[in-house]
2 protein chains.
Amino acid sequence: MTARSAPASTRTELNTTDGLAQLSFLIHGTLERRAGERGLSMIQTRLLGVLRDRTPSMNELAKLLVLDKSSVSGLVDRAERRGLVTRIRSTADRRAVLVSLTDAGRSLVVSVSGRFEADVAAILACLRPSDRQALSRLVSQVLVAHAGEQGVDLFG
Amino acid sequence: MTARSAPASTRTELNTTDGLAQLSFLIHGTLERRAGERGLSMIQTRLLGVLRDRTPSMNELAKLLVLDKSSVSGLVDRAERRGLVTRIRSTADRRAVLVSLTDAGRSLVVSVSGRFEADVAAILACLRPSDRQALSRLVSQVLVAHAGEQGVDLFG
DNA sequence: TATTGTTATACTCTATAACTATA
DNA sequence: TATAGTTATAGAGTATAACAATA
């Protein structure tokens with residue numbers, strides 16, 4: 001996504017977007033690789049991440065992951081088959097099924113997210129501490145301004 | 001990926017990685033959504049992006065996209081069926097097949113990447129120009145330091 | 001009737017293995 | 001023999017539509 005035909009007047013602007021896009025894909029790819037090392041796809045990783053501090057119903061899970069309920073059925077099937085999550089029939093509403101992380105699932109997601117955080121820290125290690133702090137401030141500013149649009153909060 | 005159990009001494013560090021990870025997924029999701037609006041998956045978008053300034057063989061395409069050659073066969077099949085790319089038998093090596101963007105494919109990828117760049121620019125519009133410039137400088141610094149690890153250069 | 005979840009079906013995406021054609 | 005590409009097959013991931021059980 002290079003700024004091939006940018007008029008000179010907007011070149012700085014486009015280079016910023018271009019650089020940020022590249023950095024985003026570098027970081028996204030880093031998680032993808034770390035998860036893949038443990039046999040997890042991105043969506044399985046997100047599933048486990050969402051379950052870290054929740055025990056949602058299938059329906060809630062579909063909303064959290066922005067997937068159709070039938071997609072979540074298959075996703076949970078495969079995770080359950082691997083022993084990473086369990087289905088629990090709800091007693092409050094006997095139609096509902098709650099999904100919970102197993103110990104194996106929890107230790108897996110903790111491991112992947114720990115390595116990923118270390119990767120990102122390593123990527124930022126080339127910056128001087130003051131620059132890292134400046135970057136942190138700018139990124140926070142952007143995120144706050146777009147709090148509503150983040151959609152899926154990866155490990156929310 | 002919040003820093004749930006970070007010791008206080010490293011909390012600032014983790015918050016930076018956390019923020020950058022969130023921003024990365026925001027931007028990645030932005031492209032995914034824009035591509036999806038035009039009926040393109042991420043991999044189809046990357047295929048078209050790679051073909052913007054190249055006419056590689058299937059084999060070269062597999063290396064560029066980091067996919068098995070059989071995966072590329074299917075990928076190109078589906079893109080060709082939609083009229084986005086064409087296969088051209090190489091005259092130099094009659095085993096080889098070159099893949100080229102059609103006019104429809106080119107106009108599609110130009111449209112998606114243009115909208116995406118506008119999206120990223122809009123995301124950054126909340127920053128003062130001087131802050132945007134500072135962000136640009138920091139991001140460039142990180143990218144330069146990790147030039148070799150970027151793996152697939154999305155629209156390279 | 002409405003909601004929750006599963007199942008049947010179809011398509012994309014991916015890899016491995018076996019194959020054809022060319023070098 | 002080695003390389004370029006396709007095809008057969010299998011599995012993950014996704015959505016739509018039809019279904020069963022419960023509310």
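Note on naming: letters A, B, ... go to the chains in the order of the sequence lines (proteins, then strands), and numbering restarts at 1 for each one.
Between A:L40 and B:K63, the residue anchored nearer the 5' end of DNA chain D, judged by the nucleotide with its closest heavy atom, is B:K63. Between A:R95 and A:R81, the one whose closest nucleotide on DNA chain D sits nearer the 5' end is A:R81.
As a whole-Å value, the separation of A:R87 CZ from C:dG5 P is 10 Å. In this entry the distance linking CG of A:L61 with P of D:dG13 reads 13 Å, nearest Å. Atom P of nucleotide D:dA12 and atom CG of A:L47 are separated by 14 Å, given to the nearest angstrom. Taking atom CZ of B:R46 as the reference point, atom P of C:dT12 lies 19 Å away to the nearest angstrom.
Nearest to the side chain of A:S71, among C:dT6, D:dT7, D:dA15, sits D:dA15. Minimum atom distance to the side chain of B:N59 is reached by D:dG5, of the listed D:dG5, D:dA15, C:dC13. For A:L67, taking side-chain heavy atoms from C-beta onward, the closest of the listed nucleotides D:dT6, D:dA21, D:dT14 is D:dT14. Comparing C:dT3, D:dT14, C:dT6 against the side chain of A:S73 picks out C:dT6 as the nearest.
Across all strands, A:D93 comes closer than 4.0 Å only to sugar-phosphate atoms, never to a base (heavy-atom distances). Within the nucleic acid shown, B:S57 comes within 4.0 Å of sugar-phosphate atoms alone, with no base atom in reach, counting heavy atoms only.
Salt-bridge check for A:R34 with A:E37: passed, with a basic side-chain N closer than 4.0 Å to an acidic carboxylate O.
Within the 4.0 Å cut-off from OP1 or OP2 of C:dC13, at least one side-chain nitrogen or oxygen of B:R78 is found.
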